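Some notes on the structure that comes next.
Starting from 1, each residue takes its place in the sequence as its number. Keep in mind it's a predicted model, so treat the numbers as computed, not measured. Numbering of ligands and ligand atoms starts at 1, following listing order.
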Amino acid sequence: MTSTTSHSPAIAAHGLRKAYGDKTVLDGIDLAVPTGTVFSLLGPNGAGKTTAVKILSTLVSADAGELRVGGHDLATDPQAVRAAIGVTGQFSAVDGLITGEENMLLMADLHHLPRDEGRKSAAELLERFDLTDAAKKPASTYSGGMKRRLDLAMTLVGNPRIIFLDEPTTGLDPRSRHNMWGIIRGLVADGVTVFLTTQYLEEADELADRIAVLHDGKIAAEGSADELKRLIPGGHVRLRFTDPDAYQSAATALREVTRDDEALALQIPSDGSQRELRSILDWLDTAGVEADELTVHTPDLDDVFFALTGPATLTDSTKENVR
Ligand SMILES: Nc1ncnc2c1ncn2[C@@H]1O[C@H](COP(=O)(O)OP(=O)(O)OP(=O)(O)O)[C@@H](O)[C@H]1O
Ligand SMILES: [Mg+2]
């Protein structure tokens, strides 16, 4: 169906540019998404994630750039690109006035599926997304999570091999979000390529093979979740005291610590490994320090996000993980 070979990426952009008026939204973006992988585009509100999705899915034209999706050139062959992809937009494409099933059949018509095949595909997808019971009800009566599932089911009509998901789990409860992740993993296991935008760093961490952080029109960093986490410092052990005297003597006894006099807390840089923790504990014993609370902090994607996209300080944005 497509001319993609195993070594040409499913989605490739080189020098992608887009401005609205005098506002440059995408300022020369390069990206390559290998077939059968999940690529996640992260960025704060207004960073240009939806713009990138709209351009790559042929809904909006780029100002410049060499763009190929499914092996087809977006500039010369948008029809072929459209035939190869599915898109779940940030805002629902579900028509509330008709039933879930009718929404699905409408998509089947748009894809020119023969009638029988369209019905079969609609029924299968409704089943897979746990919407069979609600299929004959108007979509306006669906909960937010059901509408989002219907949205994704509609995207999969016609069995696209490349799908764009623009914030697919925004507004979903934790269980629905985990279900959606399961569905996305299942698609990838079938060899589907997924281009995902999200506000949930945990989601990118869970799903994405590669993550790119969009900031000021450029890709501020790109890599696996682990690679991105390694980009920023911030691992430490934090000791908290309730007794001001104990805090004071610990602060004097220990070197290379950062003091937080107000919280009566000390921070010791650490990578969080067992070996380092053991040596810190030995060191505390030797110095006769007894802290009331010890927490280990390891940088997470939130830290990366804040470090790359905003002025917030690392310690404000970091999360404490007790181990
Ligand atoms: N049709 C348009 N006309 C003018 N400006 C636009 C248009 N579409 C988007 N923009 C602007 O482009 C910038 C990027 O918008 P975009 O929707 O791509 O951001 P986003 O990263 O998806 O944000 P969010 O996280 O809020 O969904 C914003 O400043 C937005 O105001
Ligand atoms: Mg958006």
Side-chain angles (χ1 to χ4, degrees), residues 11-31 33 38-65 67 69 74-75 78 81-82 85-94 144-145 147-152 154-155 162-173 176-177 180-181 184 193-208 210-223 225 228 300-312 317:
I11 302 167
H14 186 65
L16 168 56
R17 282 179 190 282
K18 178 72 185 177
Y20 285 112
D22 57 6
K23 183 178 167 48
T24 301
V25 179
L26 300 174
D27 190 11
I29 303 280
D30 297 332
L31 51 88
V33 184
V38 181
F39 179 86
S40 178
L41 194 58
L42 292 179
N45 290 138
K49 302 180 295 295
T50 297
T51 303
V53 166
K54 284 188 172 163
I55 289 171
L56 293 169
S57 60
T58 79
L59 298 171
V60 163
S61 62
D63 296 340
L67 311 173
V69 173
L74 260 102
V81 171
R82 256 170 245 147
I85 64 171
V87 188
T88 303
Q90 183 170 6
F91 303 103
S92 179
V94 170
K147 270 190 204 133
R148 211 60 189 137
R149 295 209 300 274
L150 180 58
D151 242 337
L152 188 53
M154 288 162 64
T155 302
I162 299 171
I163 61 174
F164 292 88
L165 304 174
D166 196 358
E167 301 198 25
T169 67
T170 296
L172 296 189
D173 68 28
S176 306
R177 173 165 305 140
M180 189 67 90
W181 291 350
I184 293 170
T193 307
V194 177
F195 187 104
L196 169 95
T197 79
T198 182
Q199 295 290 348
Y200 301 106
L201 303 163
E202 188 198 355
E203 181 160 292
D205 210 346
E206 283 280 333
L207 294 177
R210 296 198 66 80
I211 299 168
V213 183
L214 199 53
H215 182 55
D216 274 347
K218 295 226 160 48
I219 303 235
E222 195 196 327
L228 292 181
D300 61 16
L301 268 190
D302 281 336
D303 298 332
V304 177
F305 187 81
F306 285 118
L308 292 171
T309 68
S317 63

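The Mg ion (ligand 2) has Thr50 OG1, Gln90 OE1 as protein N, O or S atoms under 2.8 Å away.
In this structure, the side chain of Thr58 does not engage the main chain of Lys54 through any donor-acceptor pair within 3.5 Å. In this structure, the side chain of Lys18 engages the main chain of Ser61 through a donor-acceptor pair within 3.5 Å. Within the 3.5 Å criterion, the main-chain N or O of Gly43 finds a donor-acceptor partner in the side chain of Lys49.
Contact check for Val53 versus Thr197: side-chain heavy atoms found under the 4.5 Å cut-off.
Salt-bridge formation is detected for the pair Lys218/Asp27: a Lys NZ or Arg NE/NH1/NH2 atom is positioned less than 4.0 Å from an Asp or Glu carboxylate oxygen.
Paired with Leu214 under the rule side-chain contact (heavy atoms from CB on, under 4.5 Å), one option of Leu42, Leu308, Val25, Leu26 passes, and it is Leu26.
Atom OG1 of Thr193 sits about 12.0 Å away from atom CD1 of Ile85, to the nearest 0.5 Å.
Partners of Phe195 by ring-ring contact (aromatic ring centres under 6.0 Å, His included), not counting sequence neighbours, listed by chain and number: Phe39, Phe164. By the side chain to side chain contact (heavy atoms under 4.5 Å, CB included) test, Phe91 pairs with no residue at all, sequence neighbours left out.
In this structure, ligand 1 sits under 4.0 Å from heavy atoms belonging to Tyr20, Lys23, Val25, Pro44, Asn45, Gly46, Ala47, Gly48, Lys49, Thr50, Thr51, Gln90, Glu167, Gln199.
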